Novice: 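My questions all concern the structure below.
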There are 2 protein chains.
Amino acid sequence: MAGVIRVLLVDDDALVRAGLSMMLDGAAGITVVAEAADGQEAITATDAHAPDVVLMDLRMPRVDGITATRRLRARARPPEVIVLTTFDTDENVLHALRAGAAGFLLKDTSPPQIVEAITRVAAGDPILSPRITRRLMDRTVAQAGAYERARAALAALTPREHEVALAIARGRTNADIAADLVMGITTVKAHVSSILTKLGLDNRTQIALLAHDAGLT
Amino acid sequence: MAGVIRVLLVDDDALVRAGLSMMLDGAAGITVVAEAADGQEAITATDAHAPDVVLMDLRMPRVDGITATRRLRARARPPEVIVLTTFDTDENVLHALRAGAAGFLLKDTSPPQIVEAITRVAAGDPILSPRITRRLMDRTVAQAGAYERARAALAALTPREHEVALAIARGRTNADIAADLVMGITTVKAHVSSILTKLGLDNRTQIALLAHDAGLT
DNA sequence: CCGAAAATCCACCGTTCGGTGGATGCCGCC
DNA sequence: GGCGGCATCCACCGAACGGTGGATTTTCGG
């Protein structure tokens with residue numbers, strides 16, 4: 001990233017491309033090397049111009065932005081991709097991130113912030129619009145709640161019981177567990193019974209769910 | 001946020017406070033109204049000076065940063081809290097976010113970025129260091145993977161089977177399910193058997209785990 | 001109108017689960 | 001030394017589970 005950051009604009013709206021292009025070319029350290037009107041063009045343009053960063057819209061004819069992103073990221077020396085869209089549905093965000101996008105910006109992002117985002121992403125940092133960040137934080141915190149409740153409950157178990165609980169959370173039967181942990185089936189049952197009473201549960205399925213929430217793979 | 005952003009610095013190291021104070025007071029739109037050396041002082045200082053934003057260290061004597069953050073956020077007109085620490089363990093991040101922190105920055109963050117973070121947080125936006133953002137993204141993407149695999153598998157089920165699978169994912173027995181869904185126990189068993197063969201599973205616990213991954217509450 | 005898929009139920013059977021009431025040996029701690 | 005917690009095992013039992021081989025009705029699309 002020694003010199004200028006090479007940017008490719010992908011949006012099916014020519015006016016949007018024109019606006020972004022004008023705005024970005026006026027910024028220091030950034031040059032727009034190409035534009036594309038759909039995902040297919042984005043791929044050929046990437047091969048032709050080797051951009052550092054791709055600004056990618058999602059809703060486009062022929063090949064959509066998600067698919068294009070996935071294909072670009074599968075390349076040998078992939079560009080960083082910033083998804084720039086109006087719609088921040090969970091669907092869109094998750095798919096974009098899974099496809100390998102380094103950033104997800106809403107179209108209400110101000111020009112200077114877009115410039116900054118491009119710079120950051122080119123440096124290897126991820127970038128999310130505040131609303132998206134908030135969403136991820138809330139989601140994480142919600143899970144953390146279940147996680148800690150589960151953890152606290154499992155803390156009452158002895159080490160051996162813990163192992164048994166983990167095996168149950170993998171869907172193993174008592175016989176399986178006996179073999180895995182090298183003990184008698186009767187011992188496994190003793191542990192299972194103990195776990196159930198300690199945690200106030202009714203059956204092994206509930207053990208599995210609790211252990212799963214506690215993050216026991 | 002009409003005028004200047006009022007900031008409270010909380011860190012047990014006087015040198016760190018001095019450095020931050022000097023750096024922040026030189027910035028436009030920010031004034032450091034108080035400093036505190038531990039969580040207890042942070043709370044009294046907040047009551048005395050009503051800061052807009054609190055820069056909070058985690059490792060401190062008496063009351064730690066997480067606890068202090070939780071208490072501050074429980075107040076009537078709570079300040080926004082940015083946790084500023086050297087250690088970005090999952091533990092720390094999750095606890096901070098749960099406690100109500102609006103931001104989590106590592107101490108390698110550059111002064112101008114800290115200034116910007118304070119401004120953003122004061123405006124109601126969340127702020128995370130790139131490393132933390134990346135962590136949250138990876139975590140979300142990983143879950144999304146399991147989610148979609150589970151969803152795809154469950155798509156093979158009929159509506160009624162779907163309901164049964166959901167009940168199993170709540171740890172219900174066949175008899176329970178029969179009562180819940182108003183059908184014979186034998187019918188429940190028929191559905192369970194069908195689910196197991198369709199999904200290639202061995203027992204109801206595995207159904208529960210799969211359905212859980214698919215987000216079926 | 002017919003066929004396929006879905007949903008409902010039956011009887012029967014072997015397996016798995018979970019509980020009860022024990023017993024033994026080991027370890028750490030007061 | 002003794003006591004409690006932990007881990008290990010036994011026998012026995014009833015309940016829950018899962019599979020097999022049926023059967024019936026409804027529903028929906030071609």
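In this text, all values refer to a predicted model and were calculated from it rather than measured experimentally. A, B, ... follow the sequence lines: proteins, then strands. Residue 1 opens every chain. What you see below is based on every heavy atom in this structure, not just the backbone, and it leaves out hydrogens, waters and symmetry mates.
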Novice: What's B/T158 touching, base or sugar-phosphate or nothing? Going by heavy atoms closer than 4.0 Å.
Specialist: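 Sugar-phosphate only.
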Novice: So, is A/H191 near the phosphate of D/dT8, with a side-chain N or O under 4.0 Å from OP1 or OP2?
Specialist: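 For D/dT8, OP1 or OP2 has a side-chain N or O of A/H191 closer than 4.0 Å.
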Novice: Round to the nearest Å and state the distance from B/R160 atom CZ to D/dT27 atom P.
Specialist: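 Computing the B/R160:CZ to D/dT27:P distance gives 14 Å.
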Novice: Side chain of A/M183 only, please: which of D/dA7, D/dC9, D/dG19 is the nearest?
Specialist: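 Closest nucleotide among those given: D/dC9.
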Novice: Would you say that B/L8 contacts B/L55 through its side chain, given a criterion of any heavy-atom pair below 4.5 Å between the two side chains?
Specialist: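 No; the side chains remain at least 4.5 Å from each other.
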Novice: Using heavy-atom distances to pick each residue's nearest nucleotide on DNA chain D, tell me which of A/K198 and A/T186 is more 5'.
Specialist: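 Mapping each residue to its closest nucleotide by heavy atoms, the 5'-most match is A/K198.
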Novice: Taking only Lys NZ, Arg NE, NH1 and NH2, and the carboxylate oxygens of Asp or Glu, determine whether B/R135 and B/D90 approach each other closer than 4.0 Å.
Specialist: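 Looking at B/R135 and B/D90, the cut-off is met.
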Novice: Could you state the CD-P distance from A/Q206 to D/dA16, rounded to the nearest angstrom?
Specialist: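 Interatomic distance, CD of A/Q206 to P of D/dA16: 14 Å.
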Novice: Quick test of your reading of the model: are A/D47 and A/R75 salt-bridged, counting only N-O distances below 4.0 Å?
Specialist: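 Yes, this pair counts.
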Novice: With distance as the sole test, does B/D52 use its side chain to make a donor-acceptor pair with the main-chain N or O of B/R6 at under 3.5 Å?
Specialist: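 Yes, because the side chain of B/D52 sits within donor-acceptor range (under 3.5 Å) of the backbone of B/R6.
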Novice: Return the value, rounded to whole Å, for the distance between atom CZ of B/R172 and atom P of D/dC17.
Specialist: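 My rounded result for the distance is 11 Å.
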Novice: Would you say CZ of B/R59 has more than 12 non-hydrogen atoms from neighbouring residues, nucleotides or ligands within 6.0 angstrom?
Specialist: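 Atom CZ in B/R59 is not crowded, with 12 or fewer foreign heavy atoms closer than 6.0 Å.
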Novice: Need two values: the first and the last nucleotide of DNA chain C, 5' to 3', having an atom under 4.0 Å from any heavy-atom of chain A.
Specialist: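 That gives a stretch of C/dC17 to C/dG19.
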Novice: Over how many whole Å does the gap from A/L181 atom CG to D/dT8 atom P extend?
Specialist: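 It works out to 8 Å between those atoms.
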Novice: Test your reading of the model: is there a side-chain donor-acceptor pair from A/H49 to the backbone of A/A45, 3.5 Å cut-off?
Specialist: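 It does hold such a pair.
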Novice: Does A/R131 come within less than 4.0 Å of A/D88, counting only side-chain N to carboxylate O?
Specialist: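 The answer is yes: the pair qualifies as a salt bridge.
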Novice: Any donor-acceptor pair under 3.5 Å linking the side chain of A/T158 with the backbone of A/E161?
Specialist: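 Looks like yes, one N/O pair under 3.5 Å.
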Novice: Could you state the CD-P distance from A/E161 to D/dT8, rounded to the nearest angstrom?
Specialist: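 Distance, rounded to whole Å: 10 Å.
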Novice: Check every strand shown and say whether A/T173 touches a base, only sugar-phosphate, or nothing at a heavy-atom separation below 4.0 Å.
Specialist: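 Sugar-phosphate: the residue A/T173, judged by heavy atoms under 4.0 Å, touches backbone atoms but no base.
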Novice: Below 4.0 angstrom from OP1 or OP2 of D/dA16, is there any side-chain N or O of B/N174?
Specialist: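 For B/N174, the contact criterion (side-chain N or O under 4.0 Å from OP1 or OP2 of D/dA16) is not met.
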Novice: Starting from P on D/dC17, measure out to CD1 on B/I168 and report it in whole angstrom.
Specialist: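 These atoms are roughly 9 Å apart.
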Novice: Would you check if the side chain of B/N203 reaches a backbone N or O of A/T173 as a donor-acceptor pair within less than 3.5 Å?
Specialist: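 Flag not set: sc B/N203 to bb A/T173 has no pair under 3.5 Å.
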Novice: Which angle, rounded to 10°, do you find between the first-five-pair axis and the last-five-pair axis of the helix from C/dC1-D/dG30 to C/dC30-D/dG1?
Specialist: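 About 50°, once rounded to a multiple of 10°.
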